[in-house]
Trainee: 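The structure is given below, and queries will be raised subsequently.
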Amino acid sequence: MRKKELYEKVIAYFSEAMPVAETELHYNNPFELLIAVILSAQCTDKRVNMITPPLFRDFPTPEALAASTPEVIFEYIRSVSYPNNKAKHLVGMAQMLVKDFHSEVPDTLEQLVKLPGVGRKTANVIQSVVFNKAAMAVDTHVFRVSHRIGLVPMSCTTPLATEKYLMKYLPKEIVPTAHHWLILHGRYVCTARNPKCAQCGLNGLCKESLKAVPGKM
């Protein structure tokens with residue numbers, strides 16, 4: 001099957017099976033989402049959603065968070081992965097928002113990655129979710145699923161290479177949604193261990209499932 005045809009079939013499947021696909025992180029504004037995404041690095045969305053309500057309540061603005069200290073923030077986020085580093089990043093991020101960005105979350109990759117705790121993946125999440133830009137954040141789910149399905153070749157060995165390849169074939173207008181399709185599919189169906197292939201609507205289409213069918217690969 002040609003790559004273009006595979007993409008068309010995968011997009012058609014997800015469009016029908018998952019017409020509404022959005023982040024599972026809880027937030028009320030761009031600042032809260034930025035905090036949540038920084039906290040979600042190597043941590044589950046479920047855990048982040050458990051700890052953010054008191055944090056959002058007590059530090060509702062960049063100014064409030066910037067005036068705090070990593071030691072104080074640590075007590076709010078101690079149950080997430082790498083709480084020491086993330087506490088420092090959150091305070092530093094808020095201070096930079098106040099100092100350099102008029103307390104507004106910036107909307108470009110170049111500006112976002114200047115913020116402490118914000119790498120390319122986090123920046124792409126903010127661009128996609130908040131500003132509806134064609135930015136593909138490649139986390140472990142996106143990386144795994146896109147390779148298993150065959151959307152990207154095995155030569156895409158890094159998140160950046162995977163991102164660039166996906167962006168080459170995905171129509172720009174659906175990139176923000178496609179990002180969540182791949183994440184949610186990886187989280188609940190195409191799991192790292194024991195993927196639920198028998199329940200998957202892409203069974204018979206994805207590269208991994210075709211390996212078991214003689215003459216199909």
Trainee: Which residues pass the side chain to side chain donor-acceptor pair (under 3.5 Å) test with Ser79, not counting sequence neighbours?
Mentor: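 So Ser79 forms a side chain to side chain donor-acceptor pair (under 3.5 Å) with Arg47.
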
Trainee: Which atoms form the tightest heavy-atom contact between Val189 and Cys200, and what is the distance?
Mentor: CG1-CB, 3.8 Å

Trainee: Applying a strict under-4.5 Å side-chain criterion to I, L, V, M, F, W and Y, I'd like to know whether Leu166 and Ile11 cluster together.
Mentor: yes

Trainee: State whether the number of non-hydrogen atoms from other residues, nucleotides or ligands found under 6.0 Å of Glu16 atom CD is greater than 12.
Mentor: no

Trainee: Would you give the length of the straight line joining atom OH of Tyr82 to atom CD of Gln42, rounded to the nearest 0.5 angstrom?
Mentor: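 Here the interatomic distance stands at 4.5 Å.
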
Trainee: Would you indicate whether the side-chain heavy atoms of Tyr7 and Ile149 approach each other to under 4.5 Å?
Mentor: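 SC-SC contact between Ile149 and Tyr7 ruled out.
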
Trainee: Are Thr52 and Glu32 side-chain neighbours, meaning at least one heavy-atom pair lies under 4.5 Å?
Mentor: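 The answer is no; the side chains never approach within 4.5 Å.
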
Trainee: So, for Val118 and Leu112, which heavy atoms are closest and what is the spacing to 0.1 Å?
Mentor: CG1-O, 3.2 Å

Trainee: Sequence neighbours left out, what pairs pass salt bridge (charged side-chain N to carboxylate O under 4.0 Å, His left out) with at least one residue falling in residues 149-166?
Mentor: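 The answer is Arg120-Glu163.
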
Trainee: Donor-acceptor pairs under 3.5 angstrom involving side-chain atoms of residues 87-106: please list them, not counting sequence neighbours.
Mentor:
residue : atom : partner : partner atom : Å
His89   : ND1  : Asn85   : O            : 3.3
Gln95   : NE2  : Ala66   : O            : 3.3
Ser103  : OG   : Glu63   : OE2          : 2.5

Trainee: Same hydrophobic cluster for Val48 and Tyr188, using side-chain heavy-atom links shorter than 4.5 Å among ILVMFWY?
Mentor: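 No, Val48 does not connect to Tyr188 through the hydrophobic network.
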
Trainee: Find the distance between CD1 (Ile126) and CG (Leu33) and round it off to the nearest 0.5 Å.
Mentor: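 Rounded to the nearest 0.5 Å, the CD1-CG separation comes out at 4.0 Å.
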
Trainee: Nearest heavy-atom pair of Leu170 and Ile174: which atoms, and what distance?
Mentor: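 Minimum heavy-atom contact is CD2-CD1, 4.2 Å.
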
Trainee: Taking the basic N atoms (NZ, or NE/NH1/NH2) and the acidic carboxylate oxygens, is any pair closer than 4.0 Å for Glu8 and Lys4?
Mentor: yes

Trainee: Is the shortest heavy-atom distance from the side chain of Asp107 to the side chain of Val130 under 4.5 Å?
Mentor: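 With C-beta onward as the side chain, the pair stays apart.
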
Trainee: Measure across His180 and Val129 and return the closest heavy-atom pair with its distance rounded to 0.1 Å.
Mentor: NE2-CG2, 3.6 Å

Trainee: Quick check on Phe131: does its CZ atom have over 12 non-hydrogen neighbours (other residues, nucleotides or ligands) under 6.0 Å away?
Mentor: yes

Trainee: Should the heavy atoms of other residues, nucleotides or ligands under 6.0 Å from CZ of Arg57 be counted, would the total exceed 12?
Mentor: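 Correct, the count exceeds 12.
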
Trainee: What pair of heavy atoms forms the shortest contact from Thr122 to Gly117, and how long is it?
Mentor: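 Nearest pair, atom of Thr122 first, then Gly117: OG1-O, 4.3 Å.
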
Trainee: Take atom CE of Met50 as the centre, draw a 6.0 Å sphere, and report whether it contains more than 12 heavy atoms from other residues, nucleotides or ligands.
Mentor: no

Trainee: Are Phe143 and Leu202 grouped together when hydrophobic residues (ILVMFWY) are joined by side-chain heavy atoms under 4.5 angstrom apart?
Mentor: yes

Trainee: How many angstroms lie between atom NZ of Lys46 and atom CD1 of Ile51, to the nearest 0.5 angstrom?
Mentor: 14.5 Å

Trainee: Less than 4.5 Å apart, any side-chain heavy atom of Val125 and any of Ser40?
Mentor: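 The answer is no, as the side chains (C-beta and beyond) never meet within the 4.5 Å cut-off.
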
Trainee: Please say yes or no: joined through hydrophobic side-chain contacts below 4.5 Å, possibly via intermediate residues, are Leu184 and Leu151 part of one cluster?
Mentor: yes

Trainee: For the hydrophobic clusters of this structure (ILVMFWY residues joined by side-chain heavy atoms under 4.5 Å, transitively), does one cluster hold both Tyr76 and Leu25?
Mentor: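 Same cluster: Tyr76 reaches Leu25 through Ile, Leu, Val, Met, Phe, Trp or Tyr contacts under 4.5 Å.
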
Trainee: Taking only residues two or more places apart in sequence or in another chain, which ones pass side chain to side chain donor-acceptor pair (under 3.5 Å) with Ser81?
Mentor: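 So Ser81 forms a side chain to side chain donor-acceptor pair (under 3.5 Å) with Lys86.
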
Trainee: Can you tell me how far apart CG (Leu182) and CZ (Arg148) are? Round to the nearest 0.5 Å.
Mentor: 13.0 Å

Trainee: How many angstroms lie between CE in Met167 and CE in Met136, if you round to the nearest 0.5 Å?
Mentor: 7.0 Å

Trainee: Any non-hydrogen side-chain atom of Leu115 less than 4.5 Å from a side-chain atom of Leu34?
Mentor: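 Leu115 reaches Leu34 side chain to side chain.
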
Trainee: Between Ile35 and Phe59, is there a side-chain heavy-atom distance shorter than 4.5 Å?
Mentor: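 With C-beta onward as the side chain, the pair stays apart.
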
Trainee: Quick one, Trp181 and Ser15 - any side-chain contact, counting heavy atoms below 4.5 Å?
Mentor: yes

Trainee: Taking all non-hydrogen atoms of both residues, which atom of Asp45 and which atom of Glu24 are closest, and how far apart?
Mentor: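 Minimum heavy-atom separation between Asp45 and Glu24: OD2-CB, 3.9 Å.
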
Trainee: Kindly say whether the aromatic ring centers of His26 and Phe56 come within a distance under 6.0 Å.
Mentor: no

Trainee: Starting from Leu109 and following side-chain heavy-atom contacts under 4.5 Å between hydrophobic residues (I, L, V, M, F, W, Y), which residues can be reached?
Mentor: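 Besides Leu109, the hydrophobic cluster comprises Val113, listed by chain and residue number.
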
Trainee: Can you list every salt bridge (charged side-chain N to carboxylate O under 4.0 Å, His left out) pair that touches residues 127-146, not counting sequence neighbours?
Mentor: none

